[in-house]
Every structure is written in C-alpha cells, then in structure tokens.
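Below is one structure; the comments refer to it alone.
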Amino acid sequence: MKDESALQLLVKNTLGFLGYTVIETGKARRKVQCPRCKNMHYPTGWQGNTLGCPDLYIHCQHWKMPVAIAVELKTAKGTVRAEQKAMANQKMTVICRSVIQVIETVLEFEKLYGESVQCDRLERFIASNEVSCKL
C-alpha cells in the first residue's frame with residue numbers, strides 16, 4: 001500500500017472488527033511557518049504531535065491492566081524518522097508495515113496478558129488473511 005493514511009484506516013477498521021479500541025494520534029500534518037525564523041516545519045507540542053509519537057494506541061477492555069500498545073505505521077517503503085526509531089529502540093513503540101504485522105504484535109501481547117479465546121481468534125484471522133492483507 002502506497003498511502004500510510006489508507007494503511008492506518010485499514011488497521012483501525014480491522015482491529016475494531018476484532019474487538020479492539022484504536023486511538024489515532026495523528027493530526028493533519030501540514031507545514032507551518034515559524035514566526036521568528038520564517039522556516040517551514042511540522043507543528044509539535046500543543047500545535048501538533050510530539051516528534052516520534054506513534055500513529056495508534058491499541059487497547060482491549062478484557063486486558064487485565066490499563067495499558068495500550070503503541071504502533072507506528074509505515075508503508076513498505078516508508079522512511080522511519082530518527083525520533084520514531086529512538087522510541088522503537090526504547091521499546092516504547094512497535095513499527096509495523098502491514099495489517100498482518102500489527103495483528104501479530106497484538107497477538108504477542110494477548111499471549112502474555114490477554115485471553116486464550118482472543119489468541120485463537122487472532123491466529124485464525126492471520127491464517128485466513130496472510131496473503132490478502134499483506135501490504
């Protein structure tokens with residue numbers, strides 16, 4: 001898939017169908033001009049997202065603790081920025097390039113903290129969609 005926003009929508013809809021809550025952190029990312037230096041940049045802080053902030057937070061109400069999985073989505077050829085790489089290296093986010101990778105990430109978490117019924121459901125989903133969902 002060439003467009004990251006399309007990938008994000010597909011992941012959100014798929015996980016919603018599977019019973020997960022997906023929180024999107026992305027805002028419309030457009031460059032703005034700094035009033036002081038006149039350089040163009042993407043807003044951060046109160047004007048936009050913190051640099052490196054993941055695209056999605058995934059949660060399910062049956063998890064035994066108030067926690068979410070932070071996922072940074074990238075297309076097959078999408079570039080990972082230094083801030084995103086740093087967060088992934090610190091195990092704060094997971095970088096995924098397909099719906100199947102996101103589902104596998106959620107499955108790993110389910111095996112540790114979730115329910116076996118949901119693990120079985122995710123494994124069946126992966127097996128039936130492995131070819132069709134690869135992006």
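The analysis underlying the following values was restricted to heavy atoms, covering all of them including side chains, and did not include hydrogens, waters or symmetry mates. Just so we're clear, the structure is a prediction, and the values are computed from it rather than from any experiment.
The backbone N or O of Leu18 lies less than 3.5 Å from a partner atom in the side chain of Gln118, making a donor-acceptor pair. Between the side chain of His62 and the backbone N or O of Gly114, no donor-acceptor pair lies under 3.5 Å. In this structure, the side chain of Thr21 does not engage the main chain of Cys60 through any donor-acceptor pair within 3.5 Å.
Hydrophobic clustering places Leu73 together with Leu107 (ILVMFWY residues linked when any side-chain heavy atoms are closer than 4.5 Å, directly or through intermediates). There is no path of hydrophobic side-chain contacts, each under 4.5 Å, that joins Leu9 to Phe125. Cluster annotation: Phe17 and Leu7 are assigned to the same hydrophobic cluster (Ile/Leu/Val/Met/Phe/Trp/Tyr, side-chain heavy-atom contacts under 4.5 Å, transitive). Val94 is not connected to Val99 by any chain of hydrophobic side-chain contacts under 4.5 Å among Ile, Leu, Val, Met, Phe, Trp and Tyr, and they are in different clusters.
Exactly one residue among Asp55, Val71, Val102 makes a side chain to side chain contact (heavy atoms under 4.5 Å, CB included) with Val11. That residue is Val102.
Taking the side chain as every heavy atom from C-beta outward, Ile23 and Leu56 never approach each other to under 4.5 Å. At a threshold of 4.5 Å between non-hydrogen side-chain atoms, the residues Thr93 and Ile69 do not count as touching. Looking only at side-chain heavy atoms (C-beta outward), Asp3 and Thr75 stay at 4.5 Å or farther from each other.
Interatomic distance, Phe109 CZ to Tyr20 OH, rounded to the nearest 0.5 Å: 10.0 Å. Remark: Glu24 CD to Ser5 OG distance equals 10.0 Å, nearest 0.5 Å. Distance check, rounded to the nearest 0.5 Å: CZ of Arg124 to SG of Cys119 gives 11.0 Å.
Closest approach of Trp63 and Ile58 over heavy atoms only: CZ3-O, 3.4 Å. Residues Glu4 and Glu72 come closest through the heavy atom pair OE2-OE2, 4.2 Å. Tyr113 and Lys64 make their closest contact through O-NZ, 3.7 Å (heavy atoms, listed as atom of the first residue, atom of the second, distance). Heavy-atom minimum distance, Ala68 versus Tyr57: CB-CB, 4.1 Å.
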Apply the test side-chain contact (heavy atoms from CB on, under 4.5 Å) to residues Glu108 and Leu112: give CA-CA distance (whole Å), side-chain angles for both, the deciding distance (0.1 Å), then the verdict.
CA-CA 7 Å; Glu108 286 179 36; Leu112 293 173; over 6 Å; no
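For Val80, the side chain to side chain contact (heavy atoms under 4.5 Å, CB included) partners are Lys74, Gln84, Lys85, Ile95, Arg97, not counting sequence neighbours. In terms of the side chain to side chain contact (heavy atoms under 4.5 Å, CB included) criterion, residue partners of Arg36 (sequence neighbours excluded) are, by chain and number, Cys34.
Applying the salt bridge (Lys or Arg N to Asp or Glu O under 4.0 Å) definition to pairs two or more places apart or across chains, those involving residues 110-119 are Lys111-Glu123.
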